[in-house]
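Presented below is the structure to which this report refers.
Please read all numbers here as calculations on a predicted model, not as lab measurements. Per chain, numbering begins at 1; letters A, B, ... match sequence-line order.
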Amino acid sequence: MDIKEIIQPENLVHKRTPLMTDATLSYCPGCGHGTAHHLVMEVIEEMGIQQDTIGIAPVGCSVLAYDFMDIDMSQAAHGRAPAVATGIKRLWPEKYVFTYQGDGDLAAIGTAETIHACNRGENIVIIFINNGIYGMTGGQMAPTTLEGMKSSTTPYGRDAKQMGHPLKITELVAQLPGTYYVTRQAVHKAGNVRKTRKAIMKAFEVQRDKKGLAFVEIVSNCNSGWKMTPNESNEWMEEHMFPFYPLGDIKVEGKIVKDLLKELM
Amino acid sequence: MGKMRGAIVVDTERCKGCEVCIVNCPTDTIGMAEEVNGKGYHYAYMKHPENCTGCANCAIVCPDGVITVYRVKTEK
Ligand SMILES: Cc1ncc(C[n+]2csc(CCOP(=O)(O)OP(=O)(O)O)c2C)c(N)n1
Ligand code: SF4
Ligand code: SF4
Ligand code: SF4
Ligand SMILES: [Mg+2]
């Protein structure tokens, strides 16, 4: 069969969602931020809620998310996205409201906003991209940086004695009564992408059903900050990030489904 | 039993040459072109088009969403 016979409109099985704009993504080649953007927009397309969804962009590499996602968006001061989302959702309870935040944004400068929005059980979705580093500003240590991991501010690796321990903020917020669904996923492999899509869908369904806060962590690469090729960074992530940040659901329908004591040690 | 035949179309000008699609293709269909695009990136292309099953793995992991996938079931 000739390739031209295969490439016909009736044989189409995958194309880029029209809910992503035509703007070229500002992300480095191979960065998981782009994959995560497409998934969020695919879910919004599938649920038919483009007109009813408001996203909040953070400060970090994804600060320009509003240029890429073809929905109404706002952009918050560093770490304040959950507070802005709270205000918008309370004014417009029928809208779907989500934040999209990096680990520096969500787990460093925005820790208070994150924890209190989760504790209040705001009926929003939080998409949390954990790449263990401040990508945008040149690869400085983040609260999520692993022990021994090198960054521009930990050139000899993170020393927990001096710099504290990496923070599993997702396990922390899972323990607050306001969170209804908490999960940790990845987007570097096709199988992970399919699972993450389902998780994001579930998160928006939780919001639709007014059950509380849905929190989706995506462990991702920052190949530039980690100073690796994209595929090397994804392998490094599997080997080093996943043992400390294990993938899977942490809280489902308001009930913790993982042995958190074990996870937090 | 019918066999799946697939094909991908890469938006070569938007491809950033990251090669994430290559390691995610189970059939070794994709390679990187010798030539570069306007941004200077080697872009992905079907090096072994006869291998493609249209599984879409490459497309869903592409951070820049530049791959379109087609699939047909053939008779043999
Ligand atoms: C109030 C304030 N403090 C500090 C900064 C500098 N700054 C910009 S992005 C960033 C960290 C971003 O890291 P992260 O949230 O992990 O996003 P990534 O780029 O890794 O996706 C910092 C500290 C800022 N813009 N505003
Ligand atoms: S600096 Fe890191 S997080 Fe930012 S776009 Fe590049 S790879 Fe992605
Ligand atoms: S994953 Fe996408 S951007 Fe990267 S090389 Fe393949 S087609 Fe190009
Ligand atoms: S559709 Fe599947 S088989 Fe075809 S190139 Fe993409 S990953 Fe490979
Ligand atoms: Mg980060």
Residue selection (most heavy-atom pairs with chain A, distance under 4.5 Å) from B:Cys15, B:Gly6, B:Gly54, B:Cys58: B:Gly6
Per-residue contact mode, B:Ile22 against chain A (heavy atom under 4.5 angstrom): neither
B:Cys55 versus chain A, the contacting section by heavy-atom distance below 4.5 Å: backbone
Side chains of [X] and [Y], heavy atoms from C-beta outward: is any pair under 4.5 Å?
X        : Y        : answer
B:Arg14  : A:Arg16  : yes
B:Val61  : A:Val187 : no
A:Arg194 : B:Ile60  : yes
B:Asn24  : A:Lys189 : yes
B:Lys16  : A:Leu25  : yes
A:Ile3   : B:Arg5   : yes

Donor-acceptor contact below 3.5 Å, side chain A:Asn231 vs main chain B:Glu19: yes
To check you understand the geometry: which heavy-atom pair defines the closest contact between [X] and [Y], and what is its length?
X       : Y       : value
B:Pro63 : A:Cys31 : CB-O, 3.3 Å
B:Cys62 : A:Thr35 : C-OG1, 4.4 Å
B:Cys18 : A:Gly30 : CB-N, 3.3 Å
A:Ile7  : B:Tyr70 : CG2-CE1, 3.6 Å
A:Met1  : B:Val72 : SD-CG2, 3.5 Å

For chain B, find which of [options] contributes the most heavy-atom pairs closer than 4.5 angstrom.
options                             : value
A:Pro230, A:Ala190, A:Pro9, A:Ala36 : A:Ala190
A:Asn11, A:Leu39, A:Asn234          : A:Asn11
A:Thr17, A:Val193, A:Asn192         : A:Val193

Residue list, ring pair (Phe, Tyr, Trp, His ring centres under 6.0 Å) with B:His48, at least two apart or on another chain: none
Interchain contact, A:Gln8 with chain B, by part (heavy-atom threshold 4.5 Å): backbone
Toward chain B, the part of A:His188 with a non-hydrogen atom under 4.5 Å: backbone
Enclosure of A:Lys195 NZ (heavy-atom neighbours >12, cutoff 6.0 Å): no
B:Glu50 CD: over 12 foreign heavy atoms closer than 6.0 Å: yes
